[in-house]
Amino acid sequence: QVQLVESGGGLVQTGDSLRISCAGSGPRFFPIAMGWFRQAPGKEREFVAAIRWTGDGTYYVESVKGRFTISRDKIKNMVFLQMNNLEVGDTAVYYCAAMRRGDYSKNPRADNEYDYWGRGTQVTVSS
């Protein structure tokens, strides 16, 4: 199958930067696209960013535009989320997701379009 393993989370202060990573593996790891989602305590999971595996077609939730950058390394089967100027509101568990069969151009922000999920990495931003 497919395994996604996130890493790089931690405790930072407002205004700091952090890069989280996701490593994909498995004989069926042929994603169309990769996405990052997050879930804060007491809130629903929300879309953060997505990228087509070819490297183009990036999407971001409005609240992180200009601060977060998603990228991928096809050779290493990894996707990254560079987070700058972090805010307390960015505190959440961040999940990596892989789209294998969905239509990325149709709805890259919908979590039900993604087929595989990691277990998440905690990002905590203190004031």
Side-chain angles (χ1 to χ4, degrees):
Q1 283 289 0
V2 172
Q3 280 192 321
L4 301 176
V5 179
E6 302 94 337
S7 62
L11 173 64
V12 296
Q13 294 186 326
T14 301
D16 284 351
S17 296
L18 194 66
R19 188 177 84 155
I20 56 178
S21 304
C22 172
S25 63
R28 299 176 65 85
F29 185 71
F30 298 106
I32 297 171
M34 299 292 294
W36 285 100
F37 292 76
R38 67 186 179 186
Q39 187 167 21
K43 295 187 177 181
E44 293 187 355
R45 184 169 61 191
E46 70 165 345
F47 168 80
V48 177
I51 186 170
R52 197 185 301 271
W53 196 240
T54 52
D56 58 350
T58 57
Y59 296 88
Y60 298 92
V61 66
E62 192 65 32
S63 62
V64 308
K65 283 183 179 179
R67 300 189 298 121
F68 290 13
T69 303
I70 188 171
S71 62
R72 71 39 181 147
D73 184 327
K74 290 180 67 176
I75 303 299
K76 296 181 179 179
N77 283 347
M78 297 189 71
V79 63
F80 309 98
L81 188 66
Q82 177 66 43
M83 304 182 290
N84 298 330
N85 195 20
L86 282 159
E87 303 171 353
V88 173
D90 296 318
T91 295
V93 177
Y94 284 72
Y95 298 92
C96 169
M99 182 183 296
R100 177 73 178 90
R101 294 175 290 267
D103 186 344
Y104 182 72
S105 60
K106 183 177 180 180
N107 199 351
R109 300 175 178 86
D111 57 3
N112 60 2
E113 291 284 344
Y114 292 81
D115 304 288
Y116 305 103
W117 292 81
R119 293 188 176 185
T121 185
Q122 175 71 48
V123 173
T124 303
V125 185
S126 65
S127 59

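Note that the structure is predicted; figures quoted are calculated from it, not measured.
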Taking side-chain hydrogen bond (donor to acceptor under 3.5 Å, both in side chains) as the test, write out the residues that go with [X], two or more places apart.
X: Ser25; answer: none
X: Arg45; answer: Asp111
X: Asp73; answer: none
X: Ser105; answer: Asp103

Self-check item: Gln122, CD atom: more than 12 neighbouring heavy atoms under 6.0 Å
Solution: yes
Heavy-atom side-chain contact between [X] and [Y] under 4.5 Å:
X: Val79; Y: Ile70; result: yes
X: Thr14; Y: Val88; result: yes
X: Glu6; Y: Tyr95; result: yes
X: Ile20; Y: Val123; result: yes
X: Val48; Y: Tyr60; result: no
X: Met34; Y: Arg72; result: no

Exercise. Run the ring-centre check on Trp53 versus Phe29 and record whether the distance is less than 6.0 Å.
Key: yes
Is [Y] reachable from [X] through a run of hydrophobic residues whose side-chain heavy atoms are each under 4.5 Å from the next?
X: Met78; Y: Tyr114; result: no
X: Val93; Y: Val64; result: yes
X: Ile32; Y: Trp117; result: yes

Self-check item: Of all pairs that satisfy salt bridge (charged side-chain N to carboxylate O under 4.0 Å, His left out), the ones with a partner from residues 10-32, not counting sequence neighbours
Solution: none
Quiz item: Can you list the residues that meet the ring-ring contact (aromatic ring centres under 6.0 Å, His included) rule with Phe47, with sequence neighbours excluded?
Solution: Phe37
Quiz item: Under the ring-ring contact (aromatic ring centres under 6.0 Å, His included) test, which residues partner Tyr59, sequence neighbours left out?
Solution: Tyr104
Quiz prompt | side-chain hydrogen bond (donor to acceptor under 3.5 Å, both in side chains) contacts touching residues 82-94 (sequence neighbours left out) | solution = Ser17-Asn84, Arg38-Asp90, Arg38-Tyr94, Arg67-Asp90, Gln82-Asn84
What residues, two or more places apart in sequence or in another chain, satisfy side chain to side chain contact (heavy atoms under 4.5 Å, CB included) together with [X]?
X: Arg100; value: Phe30, Asp115, Tyr116
X: Ser126; value: Leu11, Gln13
X: Val5; value: none

Quiz item: Can you pull the disulfide bond (SG atoms under 2.5 Å apart) pairs that have at least one residue in residues 38-127, sequence neighbours excluded?
Solution: Cys22-Cys96
Quiz prompt | Short side-chain to backbone donor-acceptor contact, Glu44 and Gln39, under 3.5 Å | solution = no
